[in-house]
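This report concerns only the one structure given below.
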Amino acid sequence: MGSLNNGLFGGFNGRVGNLVGYMLNGKSVIRTVGHSTKSLTTARKANCEQMTVVNDFLRPNMNFIRSGFRLITAGTDKNFYNEAVSYNKKNAIQGVYPNLSIDYNKALVSMGSLLKADTTTISKHADGIEFKWEVPADLPWRNRNDRAMLLIHFPDARVSTYVLSGSRRHVGTEVVAIDGNLSESRMETYISFIDEDATEISDSVHAGSLNHNDTEIEKKEKVEQTAKAPITVIPKAQPKANPKKTAQQHNSFRWTSSQFNTSSPVYNYTFYAPPS
């Protein structure tokens with residue numbers, strides 16, 4: 001059931017029949033809910049799988065993505081999450097259906113025009129994960145005090161740890177505390193920068209991976225190589241022709257009935273030797 005926001009002629013929230021009303025960036029939006037009875041084609045199944053893979057990656061990082069894509073969608077009818085889904089679905093999916101996954105090196109968790117991070121490294125410490133980034137000697141003065149935004153994503157646990165306002169860019173390092181129970185879990189890390197006024201943000205950069213499961217990667221590569229490998233058709237073996245039987249292999253005899261008159265029928269019998 002939907003509820004009216006501003007009387008009979010205003011927008012509404014909720015569902016009425018096949019209509020859904022909601023607020024998007026301060027505007028009332030109404031859309032229909034479709035229902036298809038057609039069976040899914042391979043292309044549609046692949047599209048559904050892509051959406052699942054992207055959503056599994058983005059949802060644990062919702063708060064970070066809200067900050068990371070907020071500025072790029074400000075003043076438009078676009079939604080920060082939809083924008084993040086759109087970009088990563090087009091650019092960060094790898095593999096062939098049904099073996100799809102996120103290419104973490106190409107994924108973005110923030111998008112903007114600010115100067116992005118240079119060479120980055122990560123390492124494990126007793127206090128957490130240390131991020132380091134290169135501070136260029138010719139770094140513009142206006143970018144010295146940009147704040148680092150740091151994200152640690154745990155794909156297997158589907159949780160994340162993040163810092164939205166870390167060290168200043170010119171410091172070049174920051175340590176992010178993590179749950180000790182996740183210290184041996186696989187980690188994918190990202191770094192962005194946001195200016196002091198929070199009016200500009202940079203594209204995120206994949207800072208590195210920790211506790212990578214090489215065995216799973218090798219399995220995935222093997223599956224992809226098998227899917228792309230050319231198919232070799234082996235010609236079907238032709239049956240061997242049966243050799244002609246010689247006269248010695250046939251034993252014949254004639255039997256004539258003597259119980260009747262001279263017009264009695266004559267029967268011929270032939271026995272073949274069993275195949276060798």
Quick one: does [X]'s side chain have a donor or acceptor within less than 3.5 Å of a partner on [Y]'s backbone?
X      : Y      : answer
Asp195 : Asp146 : no
Ser204 : Leu108 : no
Thr41  : Arg44  : yes
Asn55  : Met51  : yes
Asn88  : Ala84  : yes
Asp103 : Ala92  : no

State, yes or no, whether a side-chain contact exists between [X] and [Y] at a heavy-atom distance under 4.5 Å.
X      : Y      : value
Thr120 : Phe131 : no
Phe193 : Arg147 : no
Asn63  : Tyr162 : yes
Arg144 : Arg169 : no
Asn82  : Thr73  : no
Val54  : Thr52  : no
Glu49  : Val53  : yes
Ser192 : Val205 : no

List the atom of [X], the atom of [Y], and the distance in Å for their closest heavy-atom pair.
X      : Y      : value
Trp133 : Arg168 : CZ2-O, 3.8 Å
Val109 : Tyr190 : CG2-CB, 3.8 Å
Gly68  : Ile201 : CA-CD1, 3.7 Å
Asp118 : Pro136 : OD2-CG, 2.9 Å
Ala117 : Ile191 : CB-CG2, 3.9 Å
Leu151 : Ser160 : CD1-CB, 3.8 Å

How many angstroms lie between atom [atom1] of [X] and atom [atom2] of [Y], to the nearest 0.5 angstrom?
X      : Y      : atom1 : atom2 : result
Ile65  : Glu83  : CD1   : CD    : 12.0 Å
Ile152 : Leu210 : CD1   : CG    : 8.5 Å
Glu188 : Asp156 : CD    : CG    : 9.5 Å
Leu164 : Ile194 : CG    : CD1   : 8.5 Å
Phe154 : Ile178 : CZ    : CD1   : 4.5 Å
Gln94  : Asn91  : CD    : CG    : 13.0 Å

Lys124/Glu130 ion pair, N-O < 4.0 Å: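 The answer is no: the pair does not qualify as a salt bridge.
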Test: Asp56 and Arg158 ion pair at under 4.0 Å: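 Salt bridge present between Asp56 and Arg158.
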Quick one: do [X] and [Y] end up in the same hydrophobic cluster if we chain Ile, Leu, Val, Met, Phe, Trp and Tyr together by side-chain heavy atoms under 4.5 Å apart?
X      : Y      : value
Val176 : Val159 : yes
Leu150 : Val175 : no
Tyr87  : Met149 : yes
Leu71  : Leu115 : no
Ile102 : Met187 : no

Derivation and outcome, side chain to side chain contact (heavy atoms under 4.5 Å, CB included), residues Tyr81 and Met62: CA-CA 8 Å; Tyr81 187 78; Met62 186 70 75; 3.6 Å; yes
Check against ring-ring contact (aromatic ring centres under 6.0 Å, His included), His153 and Phe57: CA-CA 9 Å; His153 176 57; Phe57 167 62; 5.4 Å; yes
Greater than 12 external heavy atoms within 6.0 Å of Arg66's CZ: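 Enclosed.
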